[in-house]
Amino acid sequence: MQEPIGRKMDKVGRMFQAELQAELQHLDIERSFYPLMLIEAGNGITQQELADKLLCDKVQVVRIIDYLSYNGYVKRVQNQTDKRKYELTITEKARLVLPDIKKAISNTSSIAMKGLSENQVSQLYSMVSLIESNLISHKNRNLK
């Protein structure tokens with residue numbers, strides 16, 4: 001019996017994350033590297049927008065932001081026009097470590113993709129993107 005694709009991708013994702021964490025063990029955070037990069041890219045992104053990008057609920061995002069904030073990587077800034085919203089910005093501490101994080105992601109990706117041609121890597125991304133799109137489309141149809 002072949003392992004379900006979702007289980008296989010989850011397992012690979014966990015292995016990737018473990019390798020990434022090992023490479024970044026000198027930092028005082030053990031996870032949430034990708035959310036930190038999303039916050040950097042969308043400086044001023046709200047918690048809800050981050051939740052939408054991560055496909056997780058607000059409670060999970062609050063935990064992630066609490067963790068990153070506690071460790072000095074993210075600040076919540078109250079929106080001036082809507083006091084219920086908080087915009088997320090990275091701190092100087094985050095700005096200093098993001099190059100290390102991006103390099104570690106690149107190194108870990110190189111380890112994971114060893115033996116694959118550029119074309120195969122491109123095809124892999126295309127196939128996984130198609131699987132993601134199919135699942136989103138199916139979910140949206142079921143919500144109607």
Side-chain angles (χ1 to χ4, degrees), residues 3-140 142-143:
E3 186 174 22
I5 190 67
R7 173 70 185 124
K8 188 74 157 175
M9 289 194 301
D10 179 58
K11 189 166 63 174
V12 168
R14 288 173 191 269
M15 292 167 68
F16 188 96
Q17 186 66 22
E19 185 66 32
L20 184 59
Q21 283 181 244
E23 191 162 339
L24 293 170
Q25 65 184 341
H26 64 281
L27 300 181
D28 60 349
I29 55 174
E30 296 178 0
R31 57 185 189 273
S32 304
F33 305 116
Y34 183 64
L36 190 58
M37 291 172 58
L38 289 175
I39 294 166
E40 176 200 32
N43 222 353
I45 189 173
T46 65
Q47 291 182 173
Q48 183 58 57
E49 291 166 337
L50 184 60
D52 293 343
K53 286 182 182 289
L54 294 172
L55 295 176
C56 63
D57 62 37
K58 284 194 238 181
V59 174
Q60 289 174 295
V61 167
V62 168
R63 285 188 195 122
I64 291 168
I65 299 310
D66 284 348
Y67 178 79
L68 290 171
S69 179
Y70 176 80
N71 287 291
Y73 292 97
V74 171
K75 290 188 298 187
R76 289 178 174 103
V77 179
Q78 194 170 37
N79 184 299
Q80 295 302 313
T81 56
D82 186 346
K83 302 291 185 194
R84 298 170 296 169
K85 290 183 181 179
Y86 286 88
E87 296 169 354
L88 305 171
T89 59
I90 61 169
T91 64
E92 185 60 27
K93 181 178 180 180
R95 234 179 280 295
L96 293 173
V97 300
L98 275 162
D100 287 351
I101 292 170
K102 291 173 184 176
K103 183 178 180 207
I105 289 171
S106 178
N107 290 346
T108 304
S109 294
S110 292
I111 291 166
M113 303 295 180
K114 183 179 176 182
L116 297 177
S117 69
E118 284 185 40
N119 187 46
Q120 288 172 315
V121 171
S122 180
Q123 287 177 339
L124 175 62
Y125 273 95
S126 293
M127 287 185 280
V128 171
S129 293
L130 179 59
I131 291 168
E132 178 184 34
S133 178
N134 289 342
L135 292 170
I136 289 169
S137 179
H138 180 77
K139 179 182 177 186
N140 290 339
N142 287 339
L143 293 176

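Here the structure is a predicted model, which is why all the values come from computation and not from measurement.
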Next item on the list: Not counting sequence neighbours, which residues clear side chain to side chain donor-acceptor pair (under 3.5 Å) with T81? List them please.
Entry: N79

Notebook entry, point to check: Among pairs that include at least one residue of residues 102-115, which meet side-chain hydrogen bond (donor to acceptor under 3.5 Å, both in side chains), considering only residues two or more places apart or in two chains?
Noted result: E23-N107, E40-K102

Margin query: Going by salt bridge (Lys or Arg N to Asp or Glu O under 4.0 Å), name the pairs with one or both residues in residues 125-138, residues two or more places apart or in two chains.
Written below: none

Check: By salt bridge (charged side-chain N to carboxylate O under 4.0 Å, His left out), which residues pair with D82, not counting sequence neighbours?
Finding: R84

Could you pull out every donor-acceptor pair under 3.5 Å between side chains of residues 63-70 and any protein atom, sequence neighbours left out?
{"from": "D66", "atom 1": "OD1", "to": "R76", "atom 2": "NH1", "distance (Å)": "3.1"}
{"from": "D66", "atom 1": "OD1", "to": "R76", "atom 2": "NH2", "distance (Å)": "2.7"}
{"from": "Y67", "atom 1": "OH", "to": "E30", "atom 2": "N", "distance (Å)": "2.8"}

Item checked: Gap between atom OG1 of T91 and atom NZ of K75 - 0.5 Å precision -> 7.5 Å

Note to self: Could you check whether any side-chain N or O of E19 sits under 3.5 Å from a backbone N or O of F16, counting only pairs where one atom can act as donor and the other as acceptor?
What the structure shows: no

Next item on the list: Mind checking side-chain contact (heavy atoms from CB on, under 4.5 Å) for N119 and listing every partner two or more places apart, or none if nothing turns up?
Entry: S117, Q123

Next item on the list: Taking all non-hydrogen atoms of both residues into account, name the closest pair between F33 and L20 and its distance.
Entry: CD1-CD2, 3.7 Å

Checklist line | Spacing of CD belonging to Q21 relative to CZ belonging to R14, to within rounding of 0.5 Å | finding: 11.5 Å

Check: Got a second to check how far L116's CG is from S122's OG, nearest 0.5 Å?
Finding: 11.5 Å

Notebook entry, point to check: Is atom NE2 of H138 surrounded by more than 12 heavy atoms (other residues, nucleotides or ligands) closer than 6.0 Å?
Noted result: no

Next item on the list: Might you point out which heavy atoms bring I45 and I39 nearest each other, and give the distance in Å?
Entry: CG2-CA, 4.0 Å

Next item on the list: Please lay out, stage by stage, how V61 and D57 fare under the test side chain to side chain contact (heavy atoms under 4.5 Å, CB included).
Entry: CA-CA 7 Å; V61 167; D57 62 37; over 6 Å; no

Check: Can you list the residues that meet the side chain to side chain donor-acceptor pair (under 3.5 Å) rule with K58, with sequence neighbours excluded?
Finding: none

Margin query: With a 3.5 Å distance limit and no angle check, can you tell me whether T46 reaches the backbone of Y86 through a side-chain donor-acceptor pair?
Written below: no

Item checked: Residues which pass side-chain contact (heavy atoms from CB on, under 4.5 Å) with M9, listed by chain and number, not counting sequence neighbours -> I5, V128, I131

Check: Taking only residues two or more places apart in sequence or in another chain, which ones pass salt bridge (charged side-chain N to carboxylate O under 4.0 Å, His left out) with D28?
Finding: K93

Checklist line | E118: side-chain contact (heavy atoms from CB on, under 4.5 Å) partners, not counting sequence neighbours | finding: none

Note to self: Within the 4.5 Å heavy-atom criterion, are H26 and D100 side-chain neighbours or not?
What the structure shows: yes

Checklist line | Listed partners of S126 passing side chain to side chain donor-acceptor pair (under 3.5 Å), at least two apart | finding: none

Item checked: Pairwise side-chain contact, Q78 with K85, heavy-atom cut-off 4.5 Å (strictly under) -> no

Item checked: Criterion side chain to side chain contact (heavy atoms under 4.5 Å, CB included) on L24 and I101, from CA distance to verdict -> CA-CA 7 Å; L24 293 170; I101 292 170; 4.0 Å; yes

Note to self: Restricting to side-chain contact (heavy atoms from CB on, under 4.5 Å), what partner residues turn up for E92, sequence neighbours left out?
What the structure shows: R95, L96

Next item on the list: Before giving the answer on side chain to side chain contact (heavy atoms under 4.5 Å, CB included), spell out for Q47 and L88 the whole-Å C-alpha distance, their side-chain angles and the decisive distance to 0.1 Å.
Entry: CA-CA 7 Å; Q47 291 182 173; L88 305 171; 3.9 Å; yes

Margin query: Checking the side chain of S32 only, and the main-chain atoms of P35 only, is there a donor and an acceptor separated by less than 3.5 Å?
Written below: no

Next item on the list: Would you mind reporting whether L36 and V74 have side-chain heavy atoms less than 4.5 Å apart?
Entry: yes

